[in-house]
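Everything below concerns the one structure shown next.
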Amino acid sequence: YHLLLFSLSVLLPRKKFIFHYKNVRWARGRNETYLCFVVKRRVGPDSLTFDFGHLRNRNGCHVEMLFLRYLGALCPGLWGYGAAGERRLSYSITWFCSWSPCANCSIRLAQFLSQMPNLRLRIFVSRLYFCDMEDSRERDGLRMLKKAGVQITVMTYKDFFYCWQTFVARKQSNFKAWDELHQNSVRLARKLHRILQPFETEDLRDAFKLLGL
DNA sequence: ATTTTCAAT
């Protein structure tokens, strides 16, 4: 586990971070997904411990599922197999992913989290994965995650800045925003907001459209 | 105007 955690903690090369987290509309060649995470563990009323690192998808395993595999090592006591009568530890995990989760990962995550009331998950995404079609399974998946209590947010400048400071081998260089970072982030945030609206709203909108209102 | 996606070759 020590070896594992060490390998998770290596900082991302600058170019790799920029290429994979760039929130461009047409993300050609981003055939990998990166996940930068911060794990906070509540050890007392006023004290926390931190763990952080990054992962990449490997061998056909999506990075979210890879993260779940490592969760036991990252979050000791999450499953409550400590001493008898000992309370389960509470964790909050924030991750920053270059793509939003696919439908299957969303379903698996939602199922998993429903059994883990002591685990809070916040997901920041740079780009939305296969969410163009109104009826895409990925859209359904994101709604399921929200229903499971996951906070899903599109990354803004401050999030990229934070990631740069935290996960990147930046060698004292400051984060420089790429062209259209802000516009792309706003566009994607609006899109995500529409996706996460309850179904009724879309139904109403369709009804209004039908009525010509 | 059109372009892409946790590859496959």
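What you see below is based on every heavy atom in this structure, not just the backbone, and it leaves out hydrogens, waters and symmetry mates. First the proteins, then the strands, lettered A, B, ... as listed; each starts at 1.
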Item to check | NZ or CZ of A:Arg30 within 45° of A:Phe19 ring axis and under 6.0 Å | outcome: yes
Checklist entry - P atom, B:dT5 versus B:dT9: distance in rounded Å? => result 15 Å
Could you list the donor-acceptor pairs under 3.5 angstrom formed between side-chain atoms of residues 60-69 of chain A and any protein atom two or more places apart in sequence or on another chain?
none

Next on the checklist: At a heavy-atom distance below 4.0 Å, which nucleotide of DNA chain B is the first touched by chain A, and which is the last?
Outcome noted: B:dT3 to B:dA7
Next on the checklist: Looking only at the aromatic ring of each residue, does the gap between the centers of A:Phe160 and A:Trp178 stay below 6.0 angstrom?
Outcome noted: yes
Item to check | Qualifying ring-ring contact (aromatic ring centres under 6.0 Å, His included) pairs, either residue in residues 130-151 of chain A, two or more places apart | outcome: none
Checklist entry - Using a distance-only test with no angle check, is there a side-chain donor-acceptor pair under 3.5 angstrom linking A:Arg41 and A:Thr49? => result no
Checklist entry - So what does A:Ser136 hit on the nucleic acid, given a heavy-atom distance under 4.0 Å: a base, only sugar-phosphate, or nothing? => result nothing
